[in-house]
Every structure is written in structure tokens, then in C-alpha cells.
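This structure is a prediction, so every number in the text was calculated from the model and none was measured. Just so you know, ligand 1 is whichever comes first in the structure, and atom 1 is the first atom listed for that ligand.
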Amino acid sequence: MAGKPGRGPAWETAAWAALSDEAAKIQSDKGPHLRDLLKDEARCGALQAEFDGILMDYARQKVTLDTRQKLLDLADAVNLKVQITAMASGKFINTTENRAVMHIALRAPKGEKILVGDVDVVPEVHEVLDRIYDFADRVRSGKHAGATGKKLTNVISIGIGGSYLGPEFVHEALRTDEAGAAAAEGRSLRFLANVDPVDVKRALEGLDPESTLVVVVSKTFTTAETMLNARTVSRWLEEAAKSAGVDKSEMIAKHMIAVSANVPGAQDFGIDGDNVFGFWDWVGGRYSVCSAVGVMPLALQYGKAVVQEFLAGAQSMDEHFLTAPLENNLPVLLGLLGVWNSSFLGYSVRCLLPYSQALLRFPAHIQQVDMESNGKRVALDGTELPFDAGEINFGEPMTNGQHSFMQLIHQGRVVPCDFLGSIKSQNPIDNTGNGEPVSNHDELMSNFFAQADALAMGKTQADLKAEGVPEKLWPHKEFPGNRPTTSILFPCFDARRVGQLLSLYEHRSAVQGFVWGINSFDQWGVELGKVLAKQVRTQLQSSRQDGAKVKGFNPSTTSMLERFVASQN
Ligand SMILES: O=P(O)(O)OC[C@H]1O[C@H](O)[C@H](O)[C@@H](O)[C@@H]1O
């Protein structure tokens, strides 16, 4: 039936009803506590899954083996496997925009065949990749130099949302990786996203325009913020051209390139067609890290070899997602647990806790991937959902979060967490020879293991009594525990593993959307604000230029606007 790729809405299936009953049991006073569930060795052994050395332990989720089976039954009831295959085989599953969803093709190896409609897209993908590698190589070697002959050692990538967050996450992740750092020696990569002019100051501070290459990244090449920032930075380049006595157009030709699915739009902006690197409408903005959007800035900074490792990592996780049985499939399990926690146990927030400073921007990227994908209110056929889809995502690198928001997660609201850690550090420091009890990474990871157990086990008033804590403090010092978490242990975070992590979380969101029966690949919810901003912009222009009265807004906005235009900024 059109618009319903499963066997009917998930919430009308017997599997959904069975999970609702299961949730009522688990959440009741008589339901099991994680403290007890964690005593069960067989259960702990069974609630682990592994792929390529990545261990996912979900024994600290409020599930029994029976719950897991019921979640897998739900996956079956909504034809999850069929929906995954439909995505991977280029079906136009983004029905409101009539598009395929093929970010998987961006990391497919040469020679693989992936059809979108009746076109095999892999050759086009590799043609663009080869152009990027070639261009990046020429910049890195100095063959493509700036207008005054200087080597282009600095890159500013201008873009917002999906044209910014993913590339920045990967850049931060590779910055301190050994191979990444070696490949990036002598180079810098910065991002300019916000339309706030303060971000322009931060991005340009201390940069020499003569040695700076600007990459304008925008799928549509119409995004207001990116276009204004691109114009602002092109003026900065033109000023520099004037001072250096070189031609303005020469400066733009040598120092400005674009990444876009709208190649004519980029050319109209004034960027030479040879310097425009394309991608396709079947790549959603938030899923575009492995297109030219991410590959261009990353190849400039880290070179081809590192980027290829990253893409190969993402591809290996894609392969696992498409082929592993659902009960051992990491993205599927993560997605099903997300559905369980939010739709059945009622936890609408989740927290991403990377025990790695290099994953500093991972939560911000996944915030967009997940919240823009699954923050929807209707099913594919337009009927209103009888539950809230989507989850609120937030997070910070750890152990920093332990000293700020973790209080709430231990003793306030229940917020399921994903703990992400690695066996090896990107920067091992070992002063055990100088009296430190453990290496610095072991110290970090002590917290990774301890926090998850603290959340699961808690601490009872009986424990406090035994410790001799004064009775009046017992309620304050009690930890209820029974707070669900998943721990994912990676061997390390190098380029390949970062690619795997990216793909893992992209597919997690897709799985949840497939189960909920929504379109995870459109984002109409961002449009209204853009339209209203246009009206305000027109008002500001006429008020500033002609002293026009503020009109056409509600009284609240009118009074704020009047105050705003009363003085120049
Ligand atoms: O890449 P662009 O076309 O400039 O779009 C940048 C971003 O803005 C839009 O408003 C959407 O919310 C995002 O999904 C998109 O990634």
C-alpha cells in the first residue's frame, strides 16, 4: 500500500501491543532492577553484539532477552529489512521530495553497481572523488597556488547545518589522530557557519588571505547564511587583491571553490565551473559528509589516503548494516533500543557521551542527523502519529559532562545514555613510571566503565546506613539506579573507525524512522522560520533606509522591532 512500506503502521501491530505490555511490566514496582538484571551472566553475555572489533554492550538497557525478541518482532512486523533494502537499492523512499536516499553510494568502492532509477551512480561518485583528490593534491603540493604565488595552506569551509556539522566533527576527530596530524602538518582548516558577524571575525582572525583557500559548501547554494558569509569573505579576498595589486577575478578564481548539488547556482555566484564539485539530490544535507561536502575540506587538510580510510570505514559499517542478521546488527540494535526507550518507556531525551576529546563535535553532528531526521509528527501517508517520534539528543565529551549535567542523569530525570569509548588513545600518556597509578587513558576509561555501572546499580539507603552516613542525608545521597545505558567500545578512533562511527549513527536514525513509519529524510520544519525571516529582513531594510514604520507583525514582535530599529547597530 502506497506510503506504508511495512505491513501497516507499527503502532497497530501485535508486536507493538506486546511491547506496550512488556514496558508496563518492566516499569512497574515489581519490574526488575538493573542491579538484579546485571547479576545474570547469561543475559549479560547475550546482550552484547560485535562487529569488526567494535563491542556494543547493552546489558544496562532495561531489557530482558524476551524484550529483545519482542523488539525484533516489531522490526519484522514493520518489514524493517525490506525498508533497509529499499533505501540501499535506490528506491525513492523520501516520498515528500520524490528522492532516493543513497548516502551509502558515496562510500561504495569503485566497480560496485548501485542504481538510482536506472543509473549506476558509483562511476559518478568516483569521478567527483578523483577530481577532489586531484585538486586537493595540487593545493597541498603548491601546484595550485594563490593569486600572489603563495602556497594555500589555510582553508575556510563556509557552510551551515549538514554542510558544516559532519565535516567539522570528522575534522576534530582526525586532528589529533597520528596519521591525521602527520598528513595535516603545516596546514589549517576552519569553519564559518553562523551568519552572526562575530563568527566571521573568529574564522578570519589571524589569517593571511593570500594563503587562504575558501570552500563554499551548500547543497542548494541558496542558504541565506552561507551566501552572506560567502559574499563577506569574497570581499575580504578582493580587498587583499587590491592591496597586493592583483586582479580581483584572479583572486576569486584561485582562492574560492564550491561544493554544491546546484552547480549552475555556484557558477552564477562567480565560481569557475572547474572549481565546482558536485553531488546529487539523493544525498540529504545531514547525510552528506562522505560527498564533496566533507571530502573536499578533509582531503585538503588530510590528503587522499586518510580520507580513503575514513570512507572505507563508513563503507564497512554500511555492509554490516545491510548484511548482518538483525539480532547482531549494531545500527539496528541501537535504533530498536531508541524506539524502546522513547516510545515504550517514555524517555524522550538521550545523551551521547564520547570518552574522547577528539569526538568533541560528534554530539552536535548527531543532533542534526537524528533530530532533523526523526523530529516528525506524521506518518508517511500524512496521518498524525499517535505518539511523539524523535528524541532530544545532547551530549559532551567526557569526563567533562560528569562535572556538569550528569547530576541530573544520576538523581534527576532518567536519560538513556550512549557511552562511547576506545581501547587505545589517540595520544597515549603514561606516567606510571613517575608514580601515577595508571596511564592517562586508563584514568579516562575508568570513568567510562564506572559511570555506566553507577547509573545502572545506584546506591540504596541501606548502603548509606552501612557507610555510617547520617540519616537525614540518606534521601539526598541515595541513587535510584536502574538508569539505562549502552556502552560501545571501539579499538581506537582513527580515520577508519571514525567512518564506522558516522555510518553507525546515520543508520541508527534511519532504523528508528523506519520503525516509526515516518519520512526521516525530509526537513520541512525548517522552512517556516526562513520565510518569516524574509519578512523581517524586508522591514529592517525599509526602516533603516527610509525610516519606514514597523507594520504587519503582531504587537509583541512590533514592539521588539521598534526598539531594535530605534538605534543603529
Ligand atoms: O547545504 P545547504 O543547502 O546550504 O543547506 C544547509 C542546511 O540548511 C537547511 O535549512 C536544512 O535545515 C539543513 O538540512 C541543511 O543541511
* Test item, Gln368 contacting ligand 1 (heavy atom, 4.0 angstrom) ->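 Contact check Gln368 vs ligand 1: positive.
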* Would you say Glu225 touches ligand 1, if touching means a heavy atom closer than 4.0 Å? ->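 Checking ligand 1 against Glu225, which is what was asked, there is no heavy-atom contact under 4.0 Å.
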* Provide the number and element of each atom of ligand 1 under 4.0 Å from a heavy atom of Lys219. =>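 It comes down to these atoms of ligand 1: 1 (O), 2 (P), 3 (O), 4 (O).
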* Please say whether Ser218 places an N or O atom under 3.5 Å from an N or O atom belonging to ligand 1. =>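 Yes, at least one N or O pair falls under 3.5 Å.
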* Asked: Is there a nitrogen or oxygen of Ser163 sitting under 3.5 Å from a nitrogen or oxygen of ligand 1?
  ->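 Yes, there is a polar N/O contact under 3.5 Å.
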* Looking only at atom types and distance, does a side-chain atom of His320 sit under 3.5 Å from a main-chain N or O of Leu330, one as donor and one as acceptor? ->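 Here the side-chain-to-backbone pair exists.
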* Short side-chain to backbone donor-acceptor contact, Arg140 and Ala183, under 3.5 Å ->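 Such a contact is found between Arg140 side chain and Ala183 backbone.
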* Aromatic plane relationship, Phe405 with Phe394 - under 30° parallel, 30 to 60° tilted, over 60° perpendicular ->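 Perpendicular: the ring planes of Phe394 and Phe405 meet at over 60°.
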* Under 6.0 Å from the NZ atom of Lys81, do we count more than 12 heavy atoms belonging to anything else shown? ->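 More than 12 within 6.0 Å, yes.
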Between the candidates [options], which shows the shortest non-hydrogen contact distance to [atom]?
atom	options	result
atom 9 (C) of ligand 1	Lys530, Arg286, Met227, Glu372	Lys530
atom 5 (O) of ligand 1	Thr223, Leu165, Val216	Thr223
atom 7 (C) of ligand 1	Asp522, Val369, Ile160	Ile160

* Can you spot which of Glu112, Glu506, Glu319 makes a salt bridge (charged side-chain N to carboxylate O under 4.0 Å, His left out) with Arg107? =>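 With Arg107 as partner, Glu112, Glu506, Glu319 yield a single salt bridge (charged side-chain N to carboxylate O under 4.0 Å, His left out), made by Glu506.
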* For atom 3 (O) of ligand 1, what is the nearest protein heavy atom, given as residue, atom name and distance? ->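 That would be Thr220 OG1, 2.6 Å.
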* Nearest neighbour in protein (non-hydrogen) for atom 15 (C) of ligand 1 ->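 Here the closest protein heavy atom is Gly162 N, 3.9 Å.
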* Asked: Which bit of Val526 is near ligand 1, meaning a heavy atom under 4.0 Å away: side chain, backbone, both or neither?
  ->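 Within the 4.0 Å criterion, Val526 contacts ligand 1 through side-chain atoms alone.
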* To do: State whether Phe564 and Arg544 meet the cation-pi test: NZ (Lys) or CZ (Arg) under 6.0 Å from the six-membered ring centroid, and within 45° of the perpendicular axis.
  =>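 Relative to the ring axis of Phe564, which defines the angle, Arg544 lies inside both limits.
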* **Approximate separation, where rounding is to 0.5 Å, of Met398 CE and Cys417 SG** =>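 It comes to 7.5 Å.
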* Reported CD-to-CG distance for the pair Glu225 and Leu192, which is rounded to 0.5 angstrom ->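 Here the rounded value is 11.0 Å.
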